[in-house]
Undergrad: 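Provided herewith is a single structure, encoded as structure tokens, for subsequent inquiry.
By convention in this document, chain letters (A, B, ...) are assigned in the order of the sequence lines, proteins followed by strands, and residues within each chain are numbered from 1.
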Amino acid sequence: METDKQKVLLIDGNSIVNRAFYAMPPLTNSSGLHTNAVFGFTTMLLKVIEEEKPTHLLVAFDAGKITFRHEGYAEYKGGRQKTPPELSEQFPLLKELIGAFSIRQFELPGYEADDIIGTLARLAEEQGQTATIVSGDKDMLQLASDGVTVLLTRKGVSEVERFTPDEIARQYDGLTPNQIIDLKGLMGDTSDNIPGIPGIGPKTALKLLADYGTVENVLEHADEIKGKVGDNVRSHADSARMSKKLATIFREVPMDWTWEQLAWSGYEADKLAAGLRKLEFKSLIERLDLYAAGTGAAGGSGAEAEPAELLVYQAVENEAAWAKLNGDLQAADLVIVESHGDNPHQSEGIALAVATPERSYIVSYEQLTGPEAAKLREWLADEGAAKTGYDLHRAELVLARSGIVLRGQQFDVQLAAYLLDPTEADPSLAGLLQRHGLRTIPPDEAVYGKGAKFRLPGPDALRAHLAAKAGAVRRLAKPLAEELDESGMRTLYYELEQPLAVILAGMEKLGITTKAEALEELGKEFQVGIESMMASVHRHAGMEFNIGSTKQLGEVLFDKLGLPSGRKTKTGYSTDAEVLERLAPYHEIVQLILNYRTLTKLQSTYIEGLLKEIRPEDGKIHTFFRQTIAATGRLSSQFPNLQNIPIRLEEGRQIRKAFVPSEAGWLILAADYSQIELRVLAHISGDEGLKEAFRNEMDIHTKTAMDVFGVTPEQVDSNMRRQAKAVNFGIVYGISDYGLSQNLNITRKEAGDFIEQYLSAFPGVRRYMDDIKEQARRDGYVTTLLGRRRYLPDIKASNFNLRSFAERTAMNTPIQGTAADIIKFAMVRMDEALKSRKLRSRMLLQVHDELVFEVPPEELETMKAIVPAIMAEAFPLDVPLKADVNVGTNWYEAK
DNA sequence: GTGGTCACG
DNA sequence: ACGTACGTGACCACA
């Protein structure tokens with residue numbers, strides 16, 4: 001036996017795995033095996049290892065009396081009982097994983113896990129070492145002593161509570177650990193088949209033990225105990241003795257093991273990563289991936305042998321290091337900008353990694369603006385110095401805040417990964433590595449997150465993190481680029497998305513001038529309306545309440561006023577506009593609420609929300625267009641969203657008056673595609689009637705009405721046109737009779753008839769809808785005209801809902817996505833045109849089918865000519881594309 | 001953090 | 001029989 005102070009960690013395998021099984025939500029790996037208990041167990045194990053830092057480690061399992069290894073049956077004391085098959089199937093997985101941790105596991109015929117643990121804890125303590133026991137079983141508390149601590153799992157297995165003799169005394173009315181056995185002897189334990197004494201629960205048992213100390217002494221003085229309790233004690237003395245015996249952990253298991261066999265010096269990262277990957281425990285793999293901080297190279301390893309040079313880094317903080325970096329810049333080809341926060345227009349830079357294939361240089365952000373970084377800044381701005389990175393769009397914006405220019409963006413692994421699978425849930429660098437079977441890095445949250453358990457302290461950790469990111473990007477770049485080629489998305493990436501990223505960053509940096517006074521004035525008007533609506537609503541309700549609370553509103557409308565309640569949401573009454581509109585005829589209050597909703601929406605989101613986003617320095621709003629969010633390939637806009645500024649209702653539309661040109665006398669020019677999605681449909685479906693309609697510049701909704709209702713153009717009234725318009729929307733969205741019936745407030749049958757009429761009138765569309773679904777089933781994905789992909793795994797789901805959703809998506813995505821491709825192309829062309837013609841006009845916004853510019857008056861005629869032309873010619877289809885142009889002194893007027 | 005609601009294409 | 005229109009982002013209330 002060793003003599004050094006040891007920390008022995010003893011884990012009660014059976015009790016933990018059982019608790020984990022019943023506490024964790026179901027979890028299965030891709031081959032259908034249940035893994036929830038293994039996951040829970042592993043989480044717990046990592047946690048206690050972190051906290052206890054044991055030198056010796058053992059997981060004990062029951063044997064002999066209980067085994068889970070056969071056919072899903074557990075042999076308990078006194079019989080066989082069926083265990084859930086999902087639990088028994090997890091035992092082999094668990095044992096394998098414990099092996100991957102390099103932890104010893106024991107089971108001994110004839111003994112239970114707690115006997116083994118009790119014996120080892122005794123031996124450890126006798127030899128002056130400390131032992132910690134982890135279990136879900138309160139019985140274990142009897143083993144606590146000065147040298148032995150018991151950790152009981154809580155909240156399933158996600159937390160542990162620490163029991164020392166003092167803590168046991170505090171929670172159990174002064175009981176010593178040994179008296180836990182006596183407690184069980186008296187009160188029993190139904191879950192463990194220990195009878196105890198009938199009628200004696202925890203309260204009585206604790207009182208008796210306070211008075212008499214032990215079961216034996218209680219029995220000896222049984223005649224002193226009064227009443228029913230006394231009777232039961234006297235008549236069940238044998239049961240009490242037996243119960244105490246059953247509850248007593250046997251601490252004399254004969255064993256000839258040595259401590260060396262239990263010595264544990266940590267897991268082997270390779271082996272463990274392989275084990276975790278097999279179980280598909282992605283989050284745990286990330287958590288485990290620690291660095292050897294401060295060594296200048298990241299440690300650990302995993303999925304793939306790590307080329308060490310990828311992780312060699314140099315902290316740039318003295319003259320010599322700067323000289324080395326400057327000398328190495330011509331070989332640099334990779335840049336990572338680390339920054340705080342989500343909004344790149346207000347995030348502070350943290351540090352920068354610049355990497356050559358041999359090493360990474362880590363520069364703290366403060367140094368970046370200093371004189372020593374002049375050459376580095378020159379390299380960053382050099383169009384000819386090709387750069388690879390991760391989210392270079394964001395990097396460009398962050399750097400721009402310090403006046404630093406980024407150019408030469410050549411390959412962005414985030415953008416590439418988005419094209420390869422735009423619906424991937426985890427687009428983080430860590431997630432990308434995971435899916436490519438590459439050695440992972442801790443997710444950012446682990447390094448910067450508030451409650452991050454595995455947060456790495458100090459500047460070395462930050463540098464290591466950046467170096468690892470740089471290495472990760474380098475390893476990802478090549479396979480991703482190859483996959484783009486193989487998937488036919490080379491042009492889409494290099495000719496469209498990558499150039500667009502730079503154009504978008506330019507638009508965002510430019511921003512759009514927004515008049516705060518105009519918003520404030522409008523806000524005052526809204527406020528008058530809001531207060532008036534609120535007062536009226538409260539008067540009608542006969543009480544004051546928060547109209548903005550759907551809960552309170554539902555109570556007022558449906559309980560107090562007794563209006564007929566319609567749909568329910570999962571939390572209560574539904575009170576959305578659709579429901580309220582049906583209720584309007586019943587009570588005046590309803591319309592007032594609808595008006596209140598409209599006004600408060602405008603006030604909070606568009607007046608207050610936009611005012612907050614106007615930068616005092618330049619009086620502009622700088623949105624952030626995201627290129628890697630929408631599954632269809634559309635852009636999205638954040639901080640604030642400038643793609644959903646009101647237009648449909650006049651009150652809201654006034655908001656647009658606040659968006660003005662940034663220079664006096666200039667104008668806002670807005671150009672929007674006319675019916676781009678239906679034109680795309682005409683093209684990809686090849687439907688002759690639809691194509692002909694667009695070639696003849698027909699009003700497409702009138703044309704649809706004619707064909708669906710079988711009438712002449714003169715006979716189409718506004719109602720027929722309205723319904724036809726809804727049918728066209730339905731077609732684009734992936735039609736269903738139910739959806740259309742809801743939208744038009746007609747029966748499903750009627751909606752179904754409309755659809756049938758439509759599909760008969762446009763047989764090419766019917767063929768497209770069938771073909772695209774078939775294609776999705778065959779390939780597993782659908783594509784746009786430019787080869788953008790979207791995978792639809794649910795297309796083969798047996799669940800009707802999932803499958804139907806996937807089918808509608810299959811029909812819609814090529815249409816919406818191709819329209820997105822086209823306007824993106826138009827943006828690239830426009831950018832080129834503005835540059836080559838040396839125009840001062842600037843592209844400011846994109847709103848899915850619309851481009852917004854600010855234009856000096858002398859360029860107005862030119863722009864009015866070239867913008868719609870470029871948009872129309874961006875991508876030639878079998879039908880003409882058309883863009884309408886409008887001009888005004890603000891965005892409102894450009895209609 | 002989640003759900004309900006509503007703004008846009 | 002199943003119970004949906006497609007794609008987003010922001011705000012508020014409430015746990």
Undergrad: So, is A/R808 close to the C/dC6 phosphate, meaning a side-chain N or O under 4.0 Å from OP1 or OP2?
TA: yes
Undergrad: Between A/N546 and C/dA13, is there a contact of a side-chain N or O with OP1 or OP2 at under 4.0 Å?
TA: yes
Undergrad: Taking the six-membered ring for Trp, does A/Y733 stack with C/dC6 (centroid gap under 5.5 Å, planes within less than 30°)?
TA: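 Whether judged by distance or by angle, A/Y733 passes, so it stacks on the base of C/dC6.
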Undergrad: Quick check, does A/Y738 stack with C/dT4? I mean ring centres under 5.5 Å and planes off by under 30°.
TA: yes
Undergrad: Which nucleotide, if any, forms a Watson-Crick or G-U wobble pair with B/dG4, using both distances under 3.5 Å?
TA: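 Pairing partner, where one exists within any strand: C/dC11.
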Undergrad: Taking for each residue the nucleotide of DNA chain C bearing the nearest heavy atom, is the 5' side occupied by A/R634 or by A/F639?
TA: A/R634
Undergrad: Kindly say whether the aromatic ring centers of A/F709 and A/F754 come within a distance under 6.0 Å.
TA: yes
Undergrad: Looking at A/R790, I'd like to know whether one of its side-chain N or O atoms comes within less than 4.0 Å of OP1 or OP2 on C/dG7.
TA: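 Checking C/dG7 against A/R790, a side-chain N or O does come within under 4.0 Å of OP1 or OP2.
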Undergrad: Mind checking ring pair (Phe, Tyr, Trp, His ring centres under 6.0 Å) for A/F805 and listing every partner two or more places apart, or none if nothing turns up?
TA: none
Undergrad: Using atom P in both nucleotides, what's the gap between B/dC6 and C/dA5 to the nearest angstrom?
TA: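 It works out to 15 Å between them.
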Undergrad: Looking at A/R634 and A/E677, does any basic side-chain N land under 4.0 Å from a carboxylate oxygen?
TA: yes
Undergrad: Quick one: how far along DNA chain B does chain A reach, first to last nucleotide 5' to 3', anything under 4.0 Å to a heavy atom?
TA: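 So the outermost contacting nucleotides come out as B/dG3 to B/dG9.
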Undergrad: For the side-chain contact (heavy atoms from CB on, under 4.5 Å) test, which of A/T605, A/I645, A/I647 pairs with A/I655?
TA: A/I645
Undergrad: Need one value for A/A820: base, sugar-phosphate or nothing, where a base atom within 4.0 Å counts as base even if backbone is also close, heavy atoms only.
TA: nothing
Undergrad: Check the phosphate of C/dC6 against A/T813, side-chain N and O only, distance under 4.0 Å to OP1 or OP2. Yes or no?
TA: no
Undergrad: Counting only side-chain nitrogens and oxygens, does A/Q742 get under 4.0 Å of the OP1 or OP2 atom of C/dG3?
TA: no
Undergrad: Classify the ring geometry of A/F624 against A/H345: parallel below 30°, tilted from 30° to 60°, perpendicular beyond 60°.
TA: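 Answer is perpendicular, since the angle exceeds 60°.
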